[in-house]
Student: 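I have a structure here, written as structure tokens, and I will follow up with some questions on it.
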Amino acid sequence: MMSIAGVIGGALFVGSGKTIALAGPAAILAYLGGGILVVLVMRMLGEMAVAQPDTGSFATYADRAIGRWAGFTIGWLYWYFWALLMGWEAYVAGTILHNWFPMVPGWGFALIVTLSLIVVNFMNVRSYGEFEFWFALIKVVAIVLFISLGCLAIVHLWPWGNTSGWSHLTSTGGFIPNGGKSVVVALLGVMFAFLGAEIVTVAAAESANPDKEIIKTTKSVIWRVCLFYIGSIFIVVALVPWNDPRLGDSTWGSYRVALDALGIPYTGLVVNFIVLTSVCSCFNSALYTTSRMLHSMARRGDAHRVMQITGRTTGTPWVGVLVSSFFALLAVVLSALQWMDIYDVLMQATGTIALLVYLVIAFSQLRMRRKLEAEGKHIRLRVWLFPWLTYAVIVLIIAAFIVMIWEGTYFNEVVYTLLLATVIVVMGMIAQKFNIGAQSRQG
């Protein structure tokens, strides 16, 4: 359920509308392409995680397979991505709650949400897991109900609303109304939507039977991607004209437009409740993941040793929880001062971190597999068609970066992220060359 929670964010319910407006019904192909990439990357990560469970996940494997600088770089980039995203999630949650209860400012609600989820993450992992289970369950039930109602309308069994069948898949310009280029641009955008599935390998390291849980959830990635993303997008493009202006409007989003077409009352309230649950869930997952990532990096000497401190009774890295909450609290301050434009600039540097994480996972698995085979170790979970699928993923991701720079839509995101990555790579190389943090690594 934690892996499910990480994958399903507010972007599915709202942001997917812009993808549909861009690529038309062919948005299905964009999500399918992104889904295939995530399935392959999760298989690679699962292979390494089953062999060597660790809360540092791919950052630890990059350290062991490529070198300390790689683990240092990807660990801090990943931490930055989720820590910064938490601030945005808190801002969205505060905005939704302020719209419901205007007597309290949005920043006030954002602060309440932030402090509440910090407290949740101070608890032991079992208590945290219970909260995340219910957050995830609400999202899963909402998606299943949405797809069920949509299927009834497609087969002409839904008696209300003004839509039925799947004529919109090919009407109004055809299946690819804006040409192949729009599908490629959409594909580049949706690649980031799936980041979060890898959280399960972090959480599984704290479970009673890590390898069993990782194998089970890694194998379930395929049906989760098909059901939650591709299934949802298919319902929307089948029932709603892709050029409906509301799809590109962030105040509406794909789910709300489709539910409105089905004649469901109070669609705005319903979707806002689902989005609120989603952003709280993603915040919760992100805070858990970043605190564990800091704890793991501190053990390797890549973060200050104070990050290793855990609660005596809970075992929770509470120092890591507090440090990881920095950007969320910063977002509250900027929101109160109405300076959130500054935060938008910071978010630009997270644009392609997902692809960098996937690339490092692929290179790590390539080297780790050969290392494990040379040592004669049994590999319980294997990547298909090794090494060819691994090479294919590496080539695809590098090609994606080239296209993003050349095409221009995501130029700023690529440049800002690569600049940030370059700074962290230099720091990692310095730490490796001068053996900074060596005492922690030995400990």
Student: Are more than 12 heavy atoms from other residues, nucleotides or ligands located less than 6.0 Å from atom OH of Tyr410?
Tutor: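 Counting neighbours around OH of Tyr410, more than 12 heavy atoms of other residues, nucleotides or ligands fall under 6.0 Å, so yes.
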
Student: How long is the gap from CZ on Phe327 to CG on Leu334, to the nearest 0.5 Å?
Tutor: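 Rounded to the nearest 0.5 Å, the CZ-CG separation comes out at 10.5 Å.
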
Student: Just one of Leu22, Leu169, Asn178 clears the side chain to side chain contact (heavy atoms under 4.5 Å, CB included) bar with Trp242, so which one?
Tutor: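 Between Trp242 and the candidates, side chain to side chain contact (heavy atoms under 4.5 Å, CB included) is satisfied uniquely by Asn178.
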
Student: When you compare the side chains of Ser296 and Arg300, does any donor N or O come within less than 3.5 Å of an acceptor on the partner?
Tutor: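 Judged by distance alone, the side chains do pair up.
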
Student: Determine yes or no for a side-chain-to-main-chain donor-acceptor pair under 3.5 angstrom, with Ser164 supplying the side chain and Ile154 the backbone.
Tutor: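 Here the side-chain-to-backbone pair does not exist.
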
Student: Roughly how far, to the nearest 0.5 Å, is CH2 of Trp252 from CZ of Arg246?
Tutor: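 The CZ atom of Arg246 sits 4.5 Å away from the CH2 atom of Trp252.
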
Student: Please say whether more than 12 non-hydrogen atoms of neighbouring residues, nucleotides or ligands are located less than 6.0 Å from CZ in Phe273.
Tutor: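 Open.
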
Student: With a 3.5 Å cut-off and no angle check, do the side chains of Tyr80 and Trp76 form a donor-acceptor pair?
Tutor: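 No, no side-chain donor-acceptor pair sits under 3.5 Å.
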
Student: Quick check: does any side chain N or O of Thr290 sit under 3.5 Å from a backbone N or O of Trp82, one acting as donor and the other as acceptor?
Tutor: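 No.
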
Student: Have Ser232 and Tyr255 got a donor and an acceptor in their side chains that come within less than 3.5 Å?
Tutor: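 Yes - a donor-acceptor pair under 3.5 Å links their side chains.
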
Student: Taking all heavy atoms of Ser291 and all of Gly320, pick out the closest pair and write down the distance.
Tutor: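 Smallest interatomic distance, heavy atoms only, reads CB-C, 3.8 Å.
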
Student: Taking atom CH2 as the centre, does Trp134 end up with more than 12 heavy-atom neighbours from other residues, nucleotides or ligands that are less than 6.0 angstrom away?
Tutor: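 No, the 6.0 Å shell around CH2 holds no more than 12 heavy atoms from other groups.
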
Student: Does the side chain of Ser324 come under 3.5 Å of the side chain of Trp79 through a donor N or O and an acceptor N or O?
Tutor: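 A pair is found: one side chain offers a donor N or O, the other an acceptor, under 3.5 Å apart.
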
Student: Above 12 or not: heavy atoms from other molecules or residues under 6.0 Å from CH2 of Trp166?
Tutor: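 Not more than 12 within 6.0 Å, no.
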
Student: Quick one: does any side-chain atom of Asn121 pair with a main-chain N or O of Leu117 as donor and acceptor, under 3.5 Å?
Tutor: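 The answer is yes, because a donor-acceptor pair under 3.5 Å joins these two groups.
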
Student: Indicate yes or no for a side-chain donor-acceptor contact from Thr95 to the backbone of Tyr91 under 3.5 Å, with no hydrogens or angles considered.
Tutor: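 Checking the backbone N and O of Tyr91 against the side chain of Thr95, a donor-acceptor pair under 3.5 Å is found.
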
Student: Hey, is CZ on Phe175 packed in by over 12 heavy atoms from elsewhere, all under 6.0 Å?
Tutor: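 More than 12 within 6.0 Å, yes.
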
Student: Does any non-hydrogen side-chain atom of Met307 lie less than 4.5 Å from one of His295?
Tutor: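 No, side chains not in contact.
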
Student: Only one of Val119, Ile112, Val113 clears side chain to side chain contact (heavy atoms under 4.5 Å, CB included) with Ser116; which?
Tutor: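 For Ser116, the side chain to side chain contact (heavy atoms under 4.5 Å, CB included) check succeeds only for Ile112.
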
